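What follows is a set of notes on a single structure, which appears directly below.
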Amino acid sequence: MNKGFLEGKTALVFGVANKRSLAWAIAQAWSSEGASLVLGYQGERLRENAEELARSLPKPGKAIGCDVGEDAELDTFFAEVAREAPVVDLVLHSVAFAPKEALDHELSEVKRDDFLVSFDISVYSFLAIARRAKPLMTRGGLLLTLTYYGSEKVTPQYHIMGTAKAALEASVRYLAFELGPRGIRVNALSPGPVNTLAARGIPGFVQMLKHHQEKAPLRKLVEPAEVGAAAAFLASEGGSAITGQTIYLDGGYSILGA
Ligand SMILES: NC(=O)c1ccc[n+]([C@@H]2O[C@H](COP(=O)([O-])OP(=O)(O)OC[C@H]3O[C@@H](n4cnc5c(N)ncnc54)[C@H](O)[C@@H]3O)[C@@H](O)[C@H]2O)c1
């Protein structure tokens, strides 16, 4: 069998909850190319599933618990990674959360605590991960996050997450500027809607799926495997000059003016 182009590389993947998670599609794509993976899962409830998924990767990996809202858990996670894999090459942040209270209300009704939690888990966690990953990324590499077009154009009912994703995309640009001299590239993938656990929390999500399928120039929804393939491309030689970008994987939906 030919060696994959990620043979000898280590990847950290945050955000695998189940087989529908976009992080799972990316984990599989990176693992198929030979990367050694560590999955960071949210908490005890997901442990068994995450460990089983890690073992089932094309190149079996491991899973470590890590609530990205807790500095102590992030520190423990990275200390454990550093013991086993002193160099990290790829990091995926595929994590977002907003309390139901916030998602169910218009932006002008969102309470301070709900705003802070939404931005903490959906935005700050990317910075918190970048801070701990950069000393381990001694041969450069890729920090990748996932965003959605509701950051840029108003998407009814996405409100609080739209503002969080806008901050996340700005963070991608600032991190790309800061970390570029170390050879670390920072990008976001922006897929169209995919039926996952997090997506089902967005009010009116089923209508969003239908609308995208009907209106996108390619008249199709993005498949998780296509998100995985795009992440593999970004991790490859082909992605080596790409940084600070938000890359749409949406069948062309984002080019439409009406
Ligand atoms: N599904 C879509 O339509 C879609 C489209 C564009 C972007 N995205 C983005 O993709 C990313 C992944 O979402 P998904 O659709 O795969 O859903 P998902 O529910 O499978 O993934 C969300 C992940 O976030 C994790 N998470 C939430 N709070 C956490 C915490 N405190 N600590 C650690 N992990 C935590 C969950 O455990 C889960 O693994 C999100 O950033 C989402 O906004 C999704």
Side-chain angles (χ1 to χ4, degrees), residues 12-28 39-47 49-50 53-54 63-74 76-77 92-100 102-103 116-126 128-129 144-153 155 157-169 171-172 187-213 216 221-228 230-231 246-251 253-254:
L12 311 181
V13 168
F14 294 89
V16 174
N18 54 47
K19 284 189 173 168
R20 283 178 179 241
S21 297
L22 294 175
W24 178 238
I26 294 174
Q28 285 178 294
L39 306 183
Y41 60 88
Q42 187 175 357
E44 197 49 30
R45 196 172 47 82
L46 296 178
R47 181 167 60 83
N49 200 27
L53 287 172
I64 304 175
C66 183
D67 183 327
V68 300
E70 300 291 336
D71 281 336
E73 293 202 21
L74 282 161
T76 307
F77 176 92
L92 173 68
H93 169 271
S94 184
V95 171
F97 175 76
K100 188 167 172 357
L103 281 172
L116 291 175
V117 171
S118 308
F119 272 62
D120 184 20
I121 304 302
S122 309
V123 187
Y124 180 71
S125 65
F126 188 47
I129 287 169
L144 186 61
T145 187
L146 287 198
T147 186
Y148 181 65
Y149 184 51
S151 61
E152 198 181 315
K153 293 285 192 284
T155 304
Q157 281 140 348
Y158 198 63
H159 26 73
I160 180 76
M161 281 309 295
T163 62
K165 293 301 194 190
L168 182 67
E169 290 170 23
S171 304
V172 163
N187 290 295
L189 292 175
S190 184
V194 180
N195 198 351
T196 62
L197 197 63
R200 285 197 294 275
I202 309 285
F205 180 73
V206 174
Q207 289 91 296
M208 256 166 92
L209 283 175
K210 189 167 175 288
H211 181 74
H212 271 251
Q213 184 151 21
L221 295 169
V222 62
E223 298 289 337
E226 295 174 302
V227 179
T246 294
I247 298 166
Y248 287 102
L249 308 173
D250 64 352
Y253 184 86
S254 53

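None of these values were measured; they are calculated from a predicted model. Just follow the structure's listing: the first ligand is 1, and inside any ligand the first atom is 1.
The shortest N/O to N/O separation between Asn18 and ligand 1 does not fall below 3.5 Å.
Looking only at heavy atoms of the protein, atom 21 (O) of ligand 1 is closest to Gly15 O, 3.7 Å. Nearest non-hydrogen protein atom to atom 40 (C) of ligand 1 is Ala96 CB, 3.7 Å. At the shortest separation from atom 11 (C) of ligand 1 among protein heavy atoms lies Ser94 OG, 3.4 Å. The nearest protein atom to atom 31 (N) of ligand 1, hydrogens excluded, is given as Asp67 OD1, 2.9 Å; this is a heavy-atom distance. Protein heavy atom in closest approach to atom 9 (C) of ligand 1: Leu146 CB, 3.8 Å. Given atom 13 (O) of ligand 1, the protein heavy atom at minimum distance is Ala198 CB, 4.1 Å. Atom 20 (O) of ligand 1 has Ser21 OG, 2.6 Å as its closest protein atom, hydrogens excluded (heavy atom only).
Of the heavy atoms in Thr145, none comes closer than 4.0 Å to ligand 1. When non-hydrogen atoms are compared, ligand 1 lies under 4.0 Å from neither the backbone nor the side chain of Ser122. Heavy atoms from both the backbone and the side chain of Val68 come within less than 4.0 Å of ligand 1.
When all heavy atoms of Tyr148 and Pro191 are compared, the pair lying nearest together is CD1-O, 3.3 Å. Nearest approach of Arg20 to Asn18, heavy atoms of both residues: N-OD1, 2.9 Å. Residues Lys165 and Ala96 approach most closely at NZ-CB, 3.8 Å, considering heavy atoms.
For ligand 1 and Leu46, the ligand atoms under 4.0 Å from any heavy atom of the residue are 37 (O). Under a 4.0 Å criterion applied to the non-hydrogen atoms of Ala17, ligand 1 contributes the atoms 38 (C), 39 (O). For ligand 1, the atoms sitting less than 4.0 Å from at least one non-hydrogen atom of Pro193 are 3 (O), numbered in the order shown with element in parentheses. Near Val194, meaning under 4.0 Å from one of its heavy atoms, ligand 1 places the atoms 1 (N), 2 (C), 3 (O). Close approach of ligand 1 to Leu22 is summarised as follows: ligand atoms under 4.0 Å from at least one heavy atom of the residue are 4 (C), 10 (O), 16 (O), 44 (C). Within ligand 1, counting atoms from 1 as listed, the ones closer than 4.0 Å to a heavy atom of Gly192 are 3 (O), 5 (C). Taking every non-hydrogen atom of Cys66 and a distance limit under 4.0 Å, the qualifying atoms of ligand 1 come out as 32 (N), 33 (C).
Between Tyr253 and His212, the ring planes lie parallel to each other; the angle is under 30°, not in the 30° to 60° tilted range.
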(message) The test is side chain to side chain contact (heavy atoms under 4.5 Å, CB included); show your working for Asp120 and Phe97 and say whether it passes.
(response) CA-CA 9 Å; Asp120 184 20; Phe97 175 76; over 6 Å; no

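Contact check for Ile202 versus Leu103: side-chain heavy atoms found under the 4.5 Å cut-off.
Which of Leu209, Thr196, Val95, Thr147 comes nearest to atom 6 (C) of ligand 1 through a heavy atom is settled by distance: it is Thr147. Remark: among candidates Arg20, Gln42, His93, the nearest residue to atom 29 (C) of ligand 1 is Gln42, based on non-hydrogen atoms. The closest heavy-atom contact to atom 41 (O) of ligand 1, among the options His212, Arg200, Lys165, comes from Lys165.
When each of Glu152, Met161, Glu169 is paired with Thr147, the side-chain contact (heavy atoms from CB on, under 4.5 Å) condition holds for Glu169 and for no other.
Put simply, CG on Leu144 and CG on Leu189 are 4.5 Å apart, with the number rounded to the nearest 0.5 Å.
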